[in-house]
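Report on the following structure.
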2 protein chains.
Amino acid sequence: MVLTTAEENYLKAIYHLSDGGTKSVSTNDVAAEMKTKPASVSDMLRKLGDKEVIEYRKYYGVNITEEGKKRALTTIRKHRLWEVFLVDKLHFAWDEVHEVAEELEHIQSPLLIQRLDEFLNYPKFDPHGDPIPDEFGDVKARPRLALNEMEIDSSGQIVAVKDSSAAFLKYLDKVGAYIGARIKILDKVEFDGSMEILVDQKKTLFMSKDVAANILAIQS
Amino acid sequence: MVLTTAEENYLKAIYHLSDGGTKSVSTNDVAAEMKTKPASVSDMLRKLGDKEVIEYRKYYGVNITEEGKKRALTTIRKHRLWEVFLVDKLHFAWDEVHEVAEELEHIQSPLLIQRLDEFLNYPKFDPHGDPIPDEFGDVKARPRLALNEMEIDSSGQIVAVKDSSAAFLKYLDKVGAYIGARIKILDKVEFDGSMEILVDQKKTLFMSKDVAANILAIQS
DNA sequence: TCTTATTTTTAGCCAAGACTAAAACCCTAA
DNA sequence: TTAGGGTTTTAGTCTTGGCTAAAAATAAGA
């Protein structure tokens, strides 16, 4: 069963909105994600239902099937491998690659992806720190570390905070250390555990050990 | 002015059929090349005419414009650069790359092509021996050599014959040394100038100096 | 439970790019 | 110069993936 580019994009959106297939997803949510109108989504859901990559009950949203999950993971795998290629080999900045990878992910050639994976030396994570599913759809979870547990010179991406009080989030926002920010540990002060951190390859930030211990990152 | 993938493919076909824009091309010829019906071609020619990449006079075929030539050469450049990538970096065989490059050539990102060119070290010819236009559309012609002028171990592609008598072409056909064949010089006998040649990476051929002198190739 | 608000679907329309069938055009040979 | 044959265009249809407007179904509040 062949999926069109549009169908692949819808399926990927549904996969993400459903948290990897664990929740059902509404028509409106898909429309928002795809930047289309709900009426267009209804049509597409019927098609995807016919192709059995989602389970579609009118008025009750959709659930992704096992087959659909497999397809979505393949697309995600291709997207992330191309991102690694663009950053590692063609020296794109990590925030310039998404649009192009969005096009490249639809190239139809299993051999191409297999060879690309080999060429890139089987990377496990993309430049944003997201895991690359293997050819069977299995992903390697990456452990989260508090910033104060990271080594000097190591890089990663902020994925969560332990203390999610408004005050703390406001502070993070103010200093520019949002969820998703790319970071690098520049220095750690032995005396008090405070740290110097590079955010998004441009901004340097100082923070106390207490603050650092509240920020979780994945290492890349 | 943006061209769709279909429009790019038609334009490329017209460019090739017109010998690089030197001849006008008929609707029927385009239909044959694109494997579509003449009726579909008429429609598309009107569109391409509106976009001023061809000059279209009903019932009198088309001529490609300067702008159209530029666009076609950009697409050809992208196609051939991707072919080099697939063969040199991903170890595809030279005859496995066309379909995939046909998809890759439509990725829209000038930066991507610039970086790819750099990554591949500015190749001048693709794996089939065809020249890669530079970013201004200029192509480097490659001199033709008679096979007996080629060095041992050098590779290339047969592009023409000096003696194009039916008898000689029949002979070539029989031994499998058609125009376009990929060849490699395996050995040259000093004594009589006869040669051993690998055709299409699989078939070994022996030929006299006289025969070799009649076959022209480009080196790769 | 009934009414209203929200969500979702249906119906009808559009553009791109294919098709078939039929009409229009061009050219050549008698 | 006209008839026929081949080529090309037009007209009308199909599918995909959008859209709007209106109808239908669900959900929520009194």
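Quick note on labels: first sequence line is chain A, next is B, and so on, each numbered from 1.
Side-chain contact between A:Thr74 and A:Glu8 is absent, with no heavy atoms from C-beta onward closer than 4.5 Å.
Between A:Lys51 and A:Glu67 no salt bridge is recorded (no basic side-chain N to carboxylate O distance below 4.0 Å). Between A:Glu102 and A:Lys12, at least one side-chain nitrogen of the basic residue sits less than 4.0 Å from a carboxylate oxygen of the acidic one, meeting the salt-bridge criterion.
The local environment of CD in B:Glu55 is sparse, with at most 12 non-hydrogen atoms from other residues, nucleotides or ligands closer than 6.0 Å.
Applying the ring pair (Phe, Tyr, Trp, His ring centres under 6.0 Å) criterion to A:His106, with sequence neighbours excluded, gives no partner residue. Residues satisfying the side chain to side chain contact (heavy atoms under 4.5 Å, CB included) test with A:Asp134, not counting sequence neighbours, are A:Phe136, A:Asp138. Shown here are the ring pair (Phe, Tyr, Trp, His ring centres under 6.0 Å) partners of A:Tyr10, two or more places apart in sequence or in another chain: there are none.
For residues 22-32 of chain A, proximity to DNA chain C is found at A:Ser26, A:Thr27, A:Asn28, defined as any non-hydrogen atom under 4.0 angstrom from a strand atom.
Scanning both residues, B:Lys184 and B:Ser155, for their nearest heavy atoms gives CG-OG, 3.5 Å.
Bounding nucleotides for the chain B contact on DNA chain D, 5' to 3', at a heavy-atom distance below 4.0 Å, are D:dT7 to D:dT10.
A straight line from OH of B:Tyr59 to P of C:dC26 spans 7 Å, rounded to a whole angstrom.
Using a 30° and 60° split on the angle between ring planes, B:Phe85 and A:Phe119 fall in the perpendicular class, above 60°.
Geometrically, B:Arg115 engages A:Phe92 in a cation-pi contact, judged by NZ or CZ lying under 6.0 Å from the ring centre and within 45° of the ring axis.
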Pairs under 3.5 Å (N/O, protein and nucleotides 16-20 of chain C):
from: C:dG17; atom 1: OP1; to: B:Thr4; atom 2: OG1; distance (Å): 2.6
from: C:dG17; atom 1: OP2; to: B:Lys47; atom 2: NZ; distance (Å): 3.4
from: C:dA18; atom 1: OP2; to: B:Tyr10; atom 2: OH; distance (Å): 3.2
from: C:dC19; atom 1: OP2; to: B:Lys37; atom 2: N; distance (Å): 3.0
from: C:dC19; atom 1: OP2; to: B:Ser40; atom 2: OG; distance (Å): 2.6

